[in-house]
Each structure stands twice: as C-alpha cells, then as structure tokens.
Amino acid sequence: MDKTYQPQQLEDHWYKTWEERGYFKPQGDGDPYCIVIPPPNVTGRLHMGHGFQHAIMDALTRYHRMQGCQTLWQVGTDHAGIATQMVVERQLNAIGSSRQEIGREEFVSKVWDWKEESGGIITQQLRRLGSSLDWSRERFTMDEQLSKVVEKVFIDLFDEGLIYRGNRLVNWDPKLHTAISDLEVVSEEEDGSLWHFRYPLADGATTKDGNDYIVIATTRPETLLGDTAVAVNPEDARYQELVGKFVELPLCNRRIPIVADDYVDMEFGTGCVKITPAHDFNDYELGKRHDLEIINILTDDAAINENAPEAFQGLDRFDARKQVVAEMENLGLLEKIEPHKLKVPRGDRSGVVIEPYLTHQWYVAIQSLADPAIKAVEDGDIEFVPKNWENTYFAWMRNIQDWCISRQLWWGHRIPAWYDEEGNVYVAPSEAEAREKYQLAADLKLTQDADVLDTWFSSALWTFSTLGWPDDLEYFERFHPTDVLVTGFDIIFFWVARMIMMTLKFTGEIPFKKVYITGLVRDEHGQKMSKSKGNILDPIDLIDGIELEDLVAKRTADMMQPQLKEKIEKHTRESFPDGITGYGTDALRFTYYSLASTGRDIKFDLGRTEGFRNFCNKIWNAARYVLMNTEDKAVADKLDVAHCSIADRWIMSRFERASKLVAEAVESYRFDLASQTLHEFIWNEYCDWYVELSKPVLWDDEANPEAAKTTRLVLLTVLEKSLRLLHPFMPFITEEVWQRVAGQLSIAGESIMLQPYPLYSEANVDDEAEQHIDWLKGIIVAIRNIRGEMDISPAKAIPVLMRHGSEEDEQRLQAYRPYLQKLAKLDSVEWLTGDQEAPASATGLHGKIEILVPLAGLIDVSAERSRLEKEIGKLDSLLKQVEGKLSNAKFVDNAPEAVVQKEKDKQKEYSEALAALRAKLDELKNLG
RNA sequence: AGGCGCGUAGCUCAGUUGGUUAGAGCGCUACCUUGACAUGGUAGAGGUCACCAGUUCGAAUCUGGUCGUGCCUACCA
C-alpha cells in the first residue's frame, strides 16, 4: 500500500467494478427495501443539494443491503419541461433562429437531441458520488411506458370528472408564453409607487366634501384601461351614498359603477379601489360577485390589445403605465404619487413579472384527492422526519387550490384531448381511439390540444410508474410502497404532496412510509448558493479538485448579470487563493453526514472535508500498520478469549458499543451522530489507543507468542468489522482496504458491499476490560500531562513512582507495566509501599493514586510549583461548588438519593486530592 | 400579518427523559520527524450556553417575554 491515501484512482475503479458485477440490483430474498430517486433534470448538472441527498440515500441503501434486504434504489431522470425547453430555445436564439421558426415537430426533435447529448452528464456525476443506484432499471419521465401511465392517469381522471377545462385567471408568464402554477410564482418585495387618480363622478354626483370626483389609489396605472368598477367598503360613511352611482372612467370614455364590497379596506389609500377583473385575482372574484364586465386589455406578450383605446394599443405594459400616468397628469387627474413597497410576482424560471391572465387551461379538481392524502399523514401511515414538516404539509393541503396542469410549451407530455370545430372536447389516448370512444363520424375534423402537462404531473406518478405499474407488476408488488423519500422542503408542495395524492388515488397505496426532509446546503456563511452570488460549489470539484483560474472561469461564465462578474471573481480569489484541493468522494460524503442533523440547513464547511480526508488517511495508515504486522506473521486462527489481552477485550467491547450507536443513529436518520461515532471510535479508540497498546505485545512477541498471535487477529478482526460499519458512509476506501484485510482473514466474498452489516452483540461487551483500560488511560494521561506541562521531551524516557493506591492498583500496575512503559515512555515504574520516602517530584493524581515524576535533573521546581497551584485552584473551585450544593438543605432533602450521593463522592474525591496536592506544594516550598 | 426554525469556543456544529468539570472538528499556542500516519503525535489555551423573568433543591435543556437572524405561507389596491 502507498504511504498516503489517494482517493482518485481507487474510487473510479471500484464504482466500475460494482456496476459491472451487477451489485446494485436487488439480491437475495430478504425483506424488500426501496428508495426512489428524486429524478434530477435530465440535462442538468450536479449540485450540492444532490450531493447531500445522495449521500444520505446511498448510506440508507447500502446499510439495508448489507443487512440482507432485497434493496432497490430506483434511478431515473425528469424531462423538466420549462427548464429544458428554455435551454434549447436559448441555443436556437443564439444562432438567430427560434422555435416558432422551425416549428413544433422540429423543435421537439431538437430537444430530444439535446437530451441524448447532455443527458448522460448528470447520471455520470451521480456515479461519482458512489451512489449504488440500479442503473439497469433507469427510467425517464418521457419513456414510452411512463408516458402511457401519464396518459392513463389523465384520461381516468377526466372520465371521472376530476380533470376539467376552465376559463379563469391564471398566472401568465409573458416571456415564456405559458400559464404557470401558484407554486412557480415567487413574490418579492420591491420598490414601487402608489398613484392617486381622480375618477370623475358621472351624472353630476358629488362626494360628501363636495368634490365631483373620487380618488382611487393604484400600484398598476395601466390596468385602468380594463377597469369595470370602483369599489368601496359598505360600512364606509364617506362613500355610502355613492354606491350604485357611476364614474366616468378617464381615457376610456366608459361609465363604470361604484359598488360596495367587504373586500375593500377602508384604512388603505383612499378607501376607493379600482376594479380590473381581468387582471387581478381579487378583482376577478369581486367581479364575479357583482356580475361585472371582464375586459382583457393584454396580449400574450403583455402588451396592450385592441380592447383598449387606440392610443395605447401595441404598447408594452410598462410603457403603457408611463403613458397612462402622463395622460392622467395632462388631464389634471393625477393627485399624487407616493413611494410604496409592494410584492411583485415573478416567474421562477423567466424572472419576468407575472400577469394574472384570462385563459382556458386544464385543472385537476383536487379536493377529493387531498382528503385521503391528509388522512394518510394524520393517521401516521406516512411520517415526516423531522415531524414538524407535517404542519407545513397540512397547512397547504387543507387550503389547497385546484391544480392548473396545462402548459403552453412544446416539450412535455402532450395532453390527450381533441377538439372538433365547435370546441367539443374528446379525451382518449389517440385520435382514432377518441373517435371510437365517442362514436364520432369519420369525417368530423379533430385537432389535438396544443398544450403539454406540467412536469410535476408525471413526477407525481414516479413511485409507481417507475416500478412498472400498471402492466408489469412484479417490482411494483415487491417494492411498493417504497420505504423512504429523501428530499428538500422546497418541493413538499410541488412533488411530495402530489405524489401522495396521485399514488393513493391510483394504486390505493401510499407512495412511501417516511419522508426525510433534508435541510438546504448553504455556503460557509449561511448564504444560499446561487449563480448570481457566485458562491456555488460543485461537488465534483470538491472530489477532484480545481485550479483557481478554472474555478473563477466557471463561476463567471454565462452570467445573466455580467456586472457581478468582478465581485464574484474577487470573492472567489479571496476564498480559495490556491483553488480547491481534491478530497475524494468519501471525505465529501462524510462531510455531509457530519452536518446532517435533522431540521436544520447546513452550512458547508470545507475545513471539515479536509478533516475527513485526513480521517481517510488515518484509516489507510492504520490498515498499513495492521497489514505490516500480520502479513507473513503468525495470526491466531480462532479467537480465544483466554489468550486475549485486556486491550484486545477492551477494543472488541468498544467496537460493540460503537456499532450499537451507529445503528441507532441510522434508524433515526441522525447521520451526524453516526459519523461522529465512527470517527471517534476509529480514530480516538482504535488508532490512538488500541494500535498503540498492541505495540508492546507485538514488539515483544517472543515473551508471549500466543498473546501476539491473538492480538494480530484482533487487530484484523476489529479493523475488518469497522470497515463494514463504515462502508455505507465511505464506500470506496472501505472497499479498497477491506479487500486486503479480508484476504488476511481468509474471508470469502467479492466485495464489502455484499458483506453483512455488523450487528450489535451484547456478548462482546466487557465492562471489566473497559474499567481496566480506563484506569490505564488515566495513569498514562496523568504522566503525559506532567510531561507536557513540564516541558519534558517526548524522546526522554523518565522514571515514575506511584503510591497510596489500593492493592488492586498495585496489581494492575504490575500487570500493565509494559503498556505504561511504552505509552508514557517510562524507563522505570516503581510502586512505593507504606510510608516509603519519595524524592522531590512532580505530582499527578489519578483517583487516590499519586503519580510521582522525580525532579532530579528533569524539572524546574518553580514550574512544578505553579503547575500545582493551578491544579489546586481548579480543584478548589470545583470543591466549593460541590460544598455549596451539599450545604443547601433543600438540595439534600429534595434531590434524589443517587444525585446527593454523587455530590458527596465528588466532595470526598476533591478534598482528598486537594489535601494531597497541598502537601506536595508544601514539600516543594520547603525544598526551595 | 400568521407559521416554523435558529442564536452554545475565533469558525462549523453536537449536547437524548432538567443533575457531565458543557463536548467534537477546524483554527490557535508549545513541544516532537518515536519502527502506520506531519493528511501525524502529545499537551494546552479558549465558553457568565443571545438577553430578561419565571418554574425547580437544581436550567444550555422546561415556561413566558425581549432582541437578533433565517425560511415558509397569505397578502391591501
């Protein structure tokens, strides 16, 4: 083995091997365990969120596979309608073409080309993460079989009356020319204005103050052109007698009524609201209540259409706004303009302001689907982890709106609906089937609906469509419902909720038993990672490393806002002056686990990744040590406790406890605790103590060859088991090392992946051994402390004297002398009996035992004096604390017996230690 | 406006049902190339657990409030 751990070569090698050998397919006849991948965008790129979620899904998958489950991690990708279509459109625009120019058929075929060309990138990247996905079952939402499921679901829902076509206001994206759902609209507060306009009253009416006009306030002056009423609150004394009268709508020469409606807030603005039913959701509802005319004044591009006065026609909405304000001002009808903050709705993909727009769209009547989906979570059939996300789910589900599922795009599942020339609609898988189903005359002209379905419609069917439902039920029956869905909170509504509804509706089963909601991966300062902030980290760069110049180039390429480039470059150069070192997949994954406490976003800390790369190196070198000491050496062929040293028994016991903690952590999705336990056991117990404790035994194997043979076996055994315990988290290094270690142990098996996961076995827990080693560690640490604080070179072997311990202490000393000598670097250890005089010494305490390092020639008396004073100070304040408690009668009377006793024990221990140290201090004073 | 989180060492985070000398990693200081590892070893410094009040014999932990901070949902033209 090389002296240092180098992840790059071995990771690629092992992934290929595993995949080629088919290890990712379900095997055996254990309990089924299944996770479906949240399908990434087929033409997308890996980001930190994928890295994080895949780390978790893979750990769960490998853990269960090693436990003997038939384990399937179902893989696939999503066609991502809008996102993918936008990319290809941009490519066309770049060469001076457009999708309109080349036409629908040609365009869709270009998207397929793009899918073929770039669709492999994300799946290759998922492989780099070590994800043990069953690639032989890879699916795509637009595969023939999945598309058939989409079609069937649509048609069945339609036939049942749960899908309908409606003409109502939708969120319209004027750039993408499509409707989008509420969820795809993001509203942010922006600076705007509140314009106050005078609307003249008709028929000579006046207000109470004698004005012949009323003042309305608006944030969207251009919608004036579509106003069909003015509304006031029915309780508003200022305007009560105007209700039922009319105003002359300026610029338009229309009379519009003044209506009374509770919706109007008397406190806001002037208390008068202009009503534009065609361009505002609230106005639309109000319009329906008062039977108002609906005048649409916009085109698909959000320019002014022919329903507005000629002067405005063809103007873009923002130009129209200026124009309306200008003309109102000319007419003396602009009263004032106030600055105003308002929430502006924008399309999450296009970034442009969304218009409420009256169109025909397809909807899912959602209530009857939502009810059982709510119940499934209420009843605990589906559980969210952490549980508080259930509240978010309920809040949305209990107030759910019908789902607008049609999109005016070309890339996606085309809606299986046909229209005749009178606009009658026929829903069937094909035109021919429509004719048959509806008994239509052969010469009746039919046209297919031009729209496609929302991407999330097919995603909602993902658990059962990928498992073969409804035609090929083998996998469906075996693996559905799936066990856990791992995903981010940002798609609970988009995806999780809709999966639950659709799956219950069509299969009668829940899609998954648990939903593990991960936090968001943020940068080290807690900022969301985004292209425009220039703080994106690519998981692949953390694995392979990247030069600074390449990183800068990558972060500043294809900027939507080129002016940010300079800032991003500067920030990047500051954060990564030397670029990024490649740390390997295992270290990256372990970082995710270590930060994955539940219910919390994670701030990604590269320092930790480096730390875990070092951890890999530690494992690597520990393995080298073990192999160097066992290859071509006599190793016991059976573990005989009679030949075990106390250290052998101790490490086996410690391993057992660690394995229990790890299993508990995984079962409760506490990957941070699992990683912490593994790190601590392997580094702080196996490497720091057990390997060191094995040295005196192995270096002196002639003294006791049986003991040496057994220790070699224990070194190997515990390492091998630790590798298995660690494998779900660090798949690559564990495989590489395991191959060699397993060979030494003559373990048959091709891969650690298929080995059993270590199960907790109470029988290996050895309290006695743990007590003994704790004692030994305590003595060693006390001596090292003296060494460290007294500046004695680690190279210098020193003598140590001990006294005042029990008979048992003395026996332990005799038994563990070789360990002490090696680990504390001693040239002699002596036990002073009774009142034997001790020379002037530096003193440490462990329990009652006094540990003495003679001063002669080694130690500065005044240094020892101040060391003792510091120690005494510490103990003194501890003792005062304890005595404070014990002198409080309320504490002694009320606290449980055991707690009081504990304090009493502490009091005794501290005061005895204090007395001993004070005596030593006096001796030193007499000396100096 | 409602809802959900968070605030513990310089930084990133643990801390199970209230009782620990409040922990880890990174960073920092000192010493050390000792026969697995300097991607290392040993020792050490560093915290009035945001603040206030309450419950309790006892609060980082429970309750209420304040401040700061992040997100989600709904929004008034």
Side-chain angles (χ1 to χ4, degrees), chain A residues 1 3-5 187 194 216-220 223 231 263-265 267-276 280 282-283 340 342-343 386 388-389 391-392 395-396 399 489-490 492-493 519-520 522 524-526 528 581 583 587 591 594-595 597 599-629 668 670 672-673 676 679-680 684 687-688 691-692 695 699 781 784-795 825 874-875 877-878 881-882 885 888-896 898-900 902-903 906 910:
Chain A
M1 283 172 85
K3 192 173 167 187
T4 50
Y5 158 71
S187 291
L194 194 58
I216 60 89
T218 181
T219 55
R220 301 201 50 197
T223 61
Y263 158 73
V264 180
D265 177 358
E267 309 297 319
F268 188 90
T270 60
C272 297
V273 188
K274 62 191 272 310
I275 302 298
T276 322
D280 181 282
N282 288 308
D283 291 7
H340 182 68
L342 73 164
K343 287 280 179 79
N388 55 302
W389 287 109
N391 295 326
T392 306
W396 191 70
N399 188 30
F489 62 83
D490 49 333
I492 290 179
F493 307 144
L520 212 63
R522 300 171 175 279
E524 72 274 26
H525 303 111
K528 217 165 169 168
T581 315
Y583 296 113
T591 312
S594 72
L595 295 170
S597 53
R600 186 170 181 139
D601 284 352
I602 68 174
K603 291 183 201 163
F604 194 84
D605 179 6
L606 207 53
R608 294 191 75 143
T609 311
E610 185 174 348
F612 293 131
R613 190 273 319 263
N614 297 351
F615 178 47
C616 290
N617 189 58
K618 193 76 184 173
I619 295 167
W620 187 263
N621 279 291
R624 285 180 63 224
Y625 169 83
V626 172
L627 292 170
M628 283 165 66
N629 282 287
S668 55
R670 288 299 305 268
D672 58 328
L673 299 182
Q676 199 188 327
H679 187 267
E680 192 175 305
N684 302 118
C687 294
D688 286 352
V691 163
E692 294 307 316
K695 287 175 182 175
W699 291 355
V781 167
R784 283 176 179 171
N785 177 288
I786 293 172
R787 261 186 189 285
E789 301 223 327
M790 305 306 293
D791 242 359
I792 302 170
S793 158
K825 185 96 179 168
K874 236 192 250 175
L875 272 171
S877 72
L878 285 175
Q881 238 177 54
V882 172
K885 275 191 193 175
N888 180 351
K890 285 182 179 171
F891 171 73
V892 179
D893 294 346
N894 291 308
V899 173
V900 177
K902 206 167 151 192
E903 292 301 315
K906 277 198 253 174
Y910 295 158

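Below, each value reflects all heavy atoms present in this structure, side chains not excepted, and no hydrogens, waters or symmetry copies. Note on naming: letters A, B, ... go to the chains in the order of the sequence lines (proteins, then strands), and numbering restarts at 1 for each one. Since this is a predicted model, take the numbers as computed values, not measurements.
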Student: Just the atom pairs and distances: protein N or O near nucleotides 1-10 of chain B's N or O, under 3.5 Å.
Tutor:
{"unit_1": "C4(B)", "atom_1": "O2'", "unit_2": "Asn388(A)", "atom_2": "ND2", "d": "3.4"}

Student: If you look at every heavy atom in Arg613(A) and Ala587(A), which pair is closest and at what distance?
Tutor: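 Smallest interatomic distance, heavy atoms only, reads N-CB, 3.5 Å.
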Student: Give one of base, sugar-phosphate or nothing for Phe493(A), where a contact means two heavy atoms less than 4.0 Å apart.
Tutor: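 If one applies the 4.0 Å heavy-atom cut-off, Phe493(A) turns out to touch the sugar-phosphate alone, with no base involved.
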Student: In whole angstrom, give me the gap between the C1' atoms of C13(B) and A30(B).
Tutor: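 C13(B) and A30(B) have their C1' atoms separated by 27 Å.
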Student: Which value, in whole Å, describes the distance between the C1' atoms of nucleotides G58(B) and A22(B)?
Tutor: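 So the two C1' atoms sit 16 Å from each other.
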Student: Ignoring backbone atoms, establish whether His340(A) has a side-chain N or O less than 4.0 Å from OP1 or OP2 of A77(B).
Tutor: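 So the side chain of His340(A) is within the cut-off, an N or O lying under 4.0 Å from OP1 or OP2 of A77(B).
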Student: Please tabulate the protein-to-nucleotide N/O contacts below 3.5 Å involving nucleotides 54-58 of chain B, giving atom names and distances.
Tutor:
{"unit_1": "C57(B)", "atom_1": "O4'", "unit_2": "Lys890(A)", "atom_2": "O", "d": "3.4"}
{"unit_1": "C57(B)", "atom_1": "O4'", "unit_2": "Asn894(A)", "atom_2": "ND2", "d": "3.4"}
{"unit_1": "C57(B)", "atom_1": "O2'", "unit_2": "Asn888(A)", "atom_2": "ND2", "d": "3.3"}

Student: Which of the following nucleotides, U20(B), G44(B), U12(B), is nearest to the side chain of Glu789(A)?
Tutor: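 Nearest nucleotide to the side chain: G44(B).
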Student: Please pick, from C75(B), U12(B), C31(B), the nucleotide with the shortest atom-to-atom distance to any side-chain atom of Asp791(A).
Tutor: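 When the side chain of Asp791(A) is considered, C31(B) is the closest of C75(B), U12(B), C31(B).
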Student: Using atom P in both nucleotides, what's the gap between A38(B) and C6(B) to the nearest angstrom?
Tutor: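 Per the computed distance, 42 Å lies between those P atoms.
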Student: Please measure how far the C1' atom in G15(B) lies from the corresponding atom in C75(B), and state the result in whole Å.
Tutor: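 About 40 Å, rounded to a whole number of Å.
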Student: Does a side-chain N or O of Arg670(A) approach OP1 or OP2 of G15(B) to a distance below 4.0 Å, or not?
Tutor: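 Arg670(A) to G15(B) OP1/OP2: side-chain N or O found under 4.0 Å.
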Student: Starting the side chain at C-beta, find the nucleotide from C71(B), A77(B), G25(B) nearest to Val273(A).
Tutor: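 From the listed options, A77(B) comes nearest.
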Student: Rounding to the closest angstrom, what is the interatomic distance between A60(B) and G23(B) at atom C1'?
Tutor: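 Each nucleotide's C1' atom is 12 Å from the other's.
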Student: How would nucleotides 36-42 of chain B be written as a contact map, 5' to 3', with B for base contact, S for sugar-phosphate-only contact and - for no contact, using protein heavy atoms under 4.0 Å?
Tutor: BBSBSSS
Student: Quick one: label Ile216(A) by what it contacts on the DNA or RNA (base, sugar-phosphate, nothing), any heavy atom closer than 4.0 Å.
Tutor: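 Here Ile216(A) touches no strand at all.
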Student: Quantified in whole Å, what is the C1' atom distance between nucleotide C52(B) and nucleotide U12(B)?
Tutor: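 Here C52(B) and U12(B) have their C1' atoms 29 Å from each other.
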Student: Expressed in whole Å, how much space separates the C1' atoms belonging to G41(B) and A36(B)?
Tutor: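 My reading of the C1' atoms in G41(B) and A36(B) gives 12 Å.
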Student: For Asn617(A), is there any backbone N or O sitting under 3.5 Å from a side-chain donor or acceptor partner on Asn621(A)?
Tutor: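 It does hold such a pair.
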Student: Say we look at C37(B) and U21(B): how far apart would their C1' atoms be, to the nearest angstrom?
Tutor: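 My reading of the C1' atoms in C37(B) and U21(B) gives 32 Å.
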Student: Among the nucleotides U12(B), A77(B), G19(B), which one has an atom lying closest to any side-chain atom of Leu595(A)?
Tutor: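 The closest nucleotide is U12(B).
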Student: Find out whether Val273(A) and Phe268(A) are in side-chain contact, i.e. whether some heavy atom of one side chain is under 4.5 Å from a heavy atom of the other.
Tutor: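 SC-SC contact between Val273(A) and Phe268(A) ruled out.
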